[in-house]
Engineer: 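Starting off with a structure, shown below.
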Number of protein chains: 2
Amino acid sequence: MASDQTRSAILAAAERLYADRGFGDVTLRDIVAEANVNLAAVNYHFGSKDELIAELFVTRSIQTNRERLNELKAAEEAGGGRAAIDDIMRALVGPTLRGCLGPDREGSTAARFMIRASIESVPPIRRIKNREVDHLRKFAAAMRRAMPGRDDTELYWGLHFALAMAHHTIREKERLLRLSEGKCDLDDVRAIIDRVVTVSVMALTMGDAPNKPAARPVLVHGRLTRQDL
Amino acid sequence: MASDQTRSAILAAAERLYADRGFGDVTLRDIVAEANVNLAAVNYHFGSKDELIAELFVTRSIQTNRERLNELKAAEEAGGGRAAIDDIMRALVGPTLRGCLGPDREGSTAARFMIRASIESVPPIRRIKNREVDHLRKFAAAMRRAMPGRDDTELYWGLHFALAMAHHTIREKERLLRLSEGKCDLDDVRAIIDRVVTVSVMALTMGDAPNKPAARPVLVHGRLTRQDL
DNA sequence: TTGCTTTTCAAACATTTGTATGAAACTATC
DNA sequence: GATAGTTTCATACAAATGTTTGAAAAGCAA
């Protein structure tokens, strides 16, 4: 068997099992059984279990980050070099939410894996997440351009809250579903993105004088450039 | 040694170690060494490792939940049976944020333990968290009374987002600190609570007509009843 | 083929970990 | 102070798990 086939069989099996059962109770033996390869293959191809997990997570993270930056770039080009704040926020939370929610995504192993990674947080993944700050700085910079003069602190809090709502919705979607007795529609991803973006922009315009109601954004659907979805 | 002393020595040592190093790499042997008790004592007093963790988490959760409900009750009494929406949200996120953030809390083992529990999420803790829905329903009910006529869905989303911002701030406070290069003051807990409450209430009044700017809340400090802090 | 590298494989290794055991020490009640 | 119940202790157990090893197999170039 060509060496790459073993490698990707392991990756696929690992992602599937981690997605289904979590990092906690999936062993290397489970993975190699699922992939139909020898136990030693994991250490041969990846060095260690942690490096396997890291590679899985890095791959998916890069995908998400690229989608984000593509959307951001598209928004900036559409706005003549300066993107509107709501488009920036949309680029920030859209890819993750679209990737992890939605009815047809039920079968997506990659999405379920990222949800797991968001819920369980094992050491190799935590290490990678810590390097994510550089990526977020690009969004902070775009936000600064979109809202010049605004205090940096407010920008960071807005960014932080946007990620909070997006990630928490992914993490706790079961609980929200149960709490609301199914009333909150977690399959309507577009509506959820709109909601998160709206609240984020509200948070960002928080300090505005209350007699400027126009600052409260009214968003419309379908603003995304679909170039890479 | 009286049996209770061993029991609480284990609890204290376990909470300290879990808080400092996480659930992942703290073994029973670490705990009993820290507590200066015999290895078998854990199983004798708690039955199993998981039950020890569960007891730790349940204890702290009950404390937080009680604080929340006390604040809610105080707000309802102050409002003549119907609490204002911002006071309800404050009661929801205040205790957790006050417990886990702030400069003097740096040394609080209980707080650091709860942060760990929020980040790592091991099976026994997950099981307990799943039962938390009943507790949240009480807040949903209070919110319904405070905003009659509003669609239930909106209430749940607002509640959900409030918890999102609070928990994410606790989970990712290091990252926010690093992203903002220290500009976001995570020691000013009161300001953070105000910020979360403000945005939450904004989210809840989202559907309001934009020509009612008064619906945007302007909050003041120091509204808490301190009866049980 | 020959010789070399890469990949696979079964088996063993070395720890680590939670848990169980049975005797000893202790405590309280009569 | 004898007895019964409780708690402590050293030690052993059993199972799981990531990793390593050394040889066999496969791939490949000359």
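In the text below, chain A, chain B and the rest are named by the order of the sequence lines, each starting its count at 1.
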Engineer: Starting at atom CG of B/N43, determine the distance to atom P of C/dT17, rounded to an integer number of angstrom.
Structural biologist: 15 Å
Engineer: Measuring from the side chain of A/Y44 (C-beta onward, heavy atoms only), which nucleotide among D/dC9, C/dC9, C/dT6 has the closest atom?
Structural biologist: C/dT6
Engineer: Contacts to DNA chain D from residues 15-35 of chain B, heavy-atom cutoff under 4.0 Å, which residues?
Structural biologist: B/R29
Engineer: Separation of B/L39 atom CG from C/dT17 atom P, in whole Å?
Structural biologist: 12 Å
Engineer: Measure from the ring center of B/F113 to the ring center of B/F23 and say whether it is less than 6.0 Å.
Structural biologist: yes
Engineer: Give a yes/no answer on whether the side chain of B/T6 brings an N or O atom under 4.0 Å of OP1 or OP2 in D/dT7.
Structural biologist: no
Engineer: Less than 4.0 angstrom between a side-chain N/O of B/N38 and OP1 or OP2 of D/dA10, yes or no?
Structural biologist: yes
Engineer: Under 3.5 Å, is there a donor-acceptor pair between the B/E67 and B/T64 side chains?
Structural biologist: no
Engineer: How many Å lie between CG on B/L52 and P on C/dT17, as a whole number?
Structural biologist: 16 Å
Engineer: In whole angstrom, what separates A/K49's NZ from D/dA16's P?
Structural biologist: 15 Å
Engineer: Does A/R178 use its side chain to pair, donor to acceptor, with the backbone of B/N130 at less than 3.5 Å?
Structural biologist: yes
Engineer: Assert yes or no for the condition that the ring centre distance of A/H168 to B/H168 is strictly below 6.0 Å.
Structural biologist: no
Engineer: Just by distance, no angles: are the side chains of B/H160 and A/T169 close enough, under 3.5 Å, to form a donor-acceptor pair?
Structural biologist: yes
Engineer: If you check every side-chain atom of B/H45, which of D/dT11, D/dT7, C/dA10 has the closest atom?
Structural biologist: D/dT7
Engineer: Just the rounded figure in Å: distance from C1' of C/dT7 to CD1 of A/I10.
Structural biologist: 11 Å
Engineer: Is the backbone of B/L11 close enough, under 3.5 Å, to the side chain of B/R7 for a donor and an acceptor to pair up by distance?
Structural biologist: no
Engineer: Can you tell me the distance, in whole Å, between the CZ atom of B/F46 and the P atom of C/dA20?
Structural biologist: 16 Å
Engineer: A/R7 has an atom CZ; how far is it from atom P of C/dT6, in whole Å?
Structural biologist: 15 Å
Engineer: Relative to the 5' end of DNA chain D, which residue comes earlier, B/A41 or A/D50, by the nucleotide with the nearest heavy atom?
Structural biologist: B/A41
Engineer: Can you tell me how far apart CD (A/E55) and CG (A/D50) are? Round to the nearest 0.5 Å.
Structural biologist: 13.0 Å
Engineer: If you check every side-chain atom of A/A40, which of D/dT19, C/dA20, D/dT21 has the closest atom?
Structural biologist: D/dT21
Engineer: Could you tell me the separation between the CG atom of A/D4 and the P atom of D/dA26, rounded to a whole number of Å?
Structural biologist: 19 Å
